Amino acid sequence: MWDTLYSQLFLLPVVLVGILAFAKGDEPERLAMGAYLLGWLAAMLVQDGQAIHGSWQLGLFALDVVMLLVFGGIAWKFRRNWPIWAAALQLIVLVSHVVIVIDPRAGMRSFYTVLNLASYGILLTIGIGSFWAWQERRAAGLE
């Protein structure tokens with residue numbers, strides 16, 4: 001799926017938030033961004049480009065379940081607010097998978113719209129979490 005303009009343009013916010021998370025974030029932000037990058041690359045490899053007119057994709061569903069578990073684990077282990085929001089957005093993605101299975105009339109275009117909007121939201125939460133971690137370290141005089 002690297003052949004679409006959207007996938008190429010989406011790379012810019014991913015790289016920018018990744019730089020912020022790895023340069024200024026703490027351990028939970030780095031873990032989340034690393035998992036996000038791996039999941040995003042795996043999704044590019046797993047998803048079927050012809051499925052926009054097709055049906056449900058098991059590979060994407062499995063990746064989204066793993067991402068929900070990662071965000072849930074980060075929210076469980078670390079006392080941060082942003083992983084809860086990231087897990088909630090990931091849960092919306094999983095629910096959209098279920099909607100496609102239950103009612104195929106919803107269409108794959110609507111699924112990809114939900115997937116893309118939630119992905120931007122998850123990137124936003126990781127970016128906000130990285131910024132807060134950086135500001136907390138600066139306020140404590142550690143940076």
Side-chain angles (χ1 to χ4, degrees), residues 1-139 143:
M1 285 300 270
W2 296 99
D3 57 343
T4 63
L5 181 62
Y6 174 77
S7 64
Q8 295 169 3
L9 288 177
F10 187 66
L11 185 60
L12 180 65
V14 170
V15 168
L16 292 175
V17 173
I19 289 171
L20 177 67
F22 289 122
K24 299 295 182 181
D26 288 336
E27 184 182 4
E29 290 81 17
R30 290 183 186 134
L31 285 172
M33 194 64 212
Y36 186 89
L37 286 172
L38 287 175
W40 182 64
L41 290 172
M44 288 292 169
L45 296 173
V46 168
Q47 74 183 5
D48 181 13
Q50 302 302 319
I52 192 81
H53 308 292
S55 62
W56 187 66
Q57 297 181 36
L58 179 62
L60 281 179
F61 181 76
L63 282 172
D64 288 333
V65 168
V66 169
M67 289 304 296
L68 178 63
L69 293 173
V70 167
F71 291 135
I74 291 171
W76 185 296
K77 182 172 179 171
F78 299 99
R79 297 189 135 253
R80 308 282 170 110
N81 291 329
W82 68 265
I84 297 168
W85 287 96
L89 288 165
Q90 192 64 37
L91 190 58
I92 290 172
V93 170
L94 284 177
V95 169
S96 67
H97 278 285
V98 174
V99 166
I100 292 298
V101 171
I102 292 173
D103 188 7
R105 293 176 297 159
M108 290 304 287
R109 290 185 194 274
S110 61
F111 166 72
Y112 282 121
T113 301
V114 170
L115 182 76
N116 293 332
L117 290 174
S119 295
Y120 281 119
I122 292 169
L123 270 179
L124 183 66
T125 62
I126 295 172
I128 289 171
S130 300
F131 180 76
W132 284 345
W134 175 41
Q135 293 303 306
E136 287 172 3
R137 279 197 315 276
R138 283 186 65 200
E143 190 169 304

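Everything numeric here is computed off the predicted structure, so don't read it as measured data. We use all heavy atoms of the structure for the numbers below, so side chains are in, but hydrogens, waters and symmetry mates are not.
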Out of curiosity, Asp64 CG to Leu91 CG, how far, rounded to the nearest 0.5 Å?
10.5 Å
Validation row: Pro13, Tyr120 side chains within 4.5 angstrom (heavy atoms):
yes
Note: Leu89 and Ile122 closest approach over all heavy atoms is CD1-N, 3.6 Å
Criterion side chain to side chain contact (heavy atoms under 4.5 Å, CB included) on Ser119 and Tyr36, from CA distance to verdict:
CA-CA 9 Å; Ser119 295; Tyr36 186 89; 3.5 Å; yes
If we only count heavy atoms from C-beta on, is the Leu37 to Phe22 side-chain gap below 4.5 Å?
yes
Looking only at heavy atoms, the pair that brings Phe111 and Val93 closest together is CE1-O, 4.3 Å
Derivation and outcome, side chain to side chain contact (heavy atoms under 4.5 Å, CB included), residues Phe61 and Ile100
CA-CA 11 Å; Phe61 181 76; Ile100 292 298; over 6 Å; no
Grab the two heavy atoms, one from Ala35 and one from Val70, that are nearest each other, plus how far apart they are.
CB-CG1, 3.7 Å
Going from CH2 on Trp132 to CD on Glu136, what distance comes out if it is rounded to the nearest 0.5 angstrom?
9.0 Å
Where is the tightest heavy-atom contact between Ser130 and Ala21, given as atom of each residue plus distance?
OG-CA, 3.2 Å
Looking at CD1 of Ile126 and CG of Leu31, how far apart are the two atoms once the value is rounded to the nearest 0.5 Å?
10.5 Å
Exercise: identify the closest heavy-atom pair between Leu123 and Val17
O-CG1, 3.6 Å
Evaluate the side-chain proximity of Met33 to Val14: yes if any heavy-atom separation is below 4.5 Å, no if none is.
yes
Residue pairs fulfilling salt bridge (Lys or Arg N to Asp or Glu O under 4.0 Å) with at least one residue in residues 16-26, sequence neighbours excluded:
Lys24-Glu143, Asp26-Arg80, Asp26-Arg137
Do other residues, nucleotides or ligands put more than 12 heavy atoms under 6.0 Å from the CZ atom of Phe131?
no
Trp82-Glu29 side chain donor-acceptor pair, cut-off 3.5 Å:
yes
Give the minimum heavy-atom separation between Val46 and Leu60, together with the two atoms involved.
CG1-N, 3.9 Å
Working to the nearest 0.5 angstrom, can you tell me the gap between Leu58 CG and Leu63 CG?
9.5 Å
Begin with the C-alpha distance, continue with both residues' side-chain angles, and end with the deciding distance and a verdict on side chain to side chain contact (heavy atoms under 4.5 Å, CB included) for Leu117 and Tyr112.
CA-CA 8 Å; Leu117 290 174; Tyr112 282 121; over 6 Å; no
Ignoring hydrogens and angles, tell me if any N or O in the side chain of Asp103 forms a donor-acceptor pair with the backbone of Val99 under 3.5 Å.
no
I need the Met67 CE to Leu94 CG distance, nearest 0.5 Å.
11.0 Å
All side chain to side chain contact (heavy atoms under 4.5 Å, CB included) counterparts of Ile19, not counting sequence neighbours
Val15
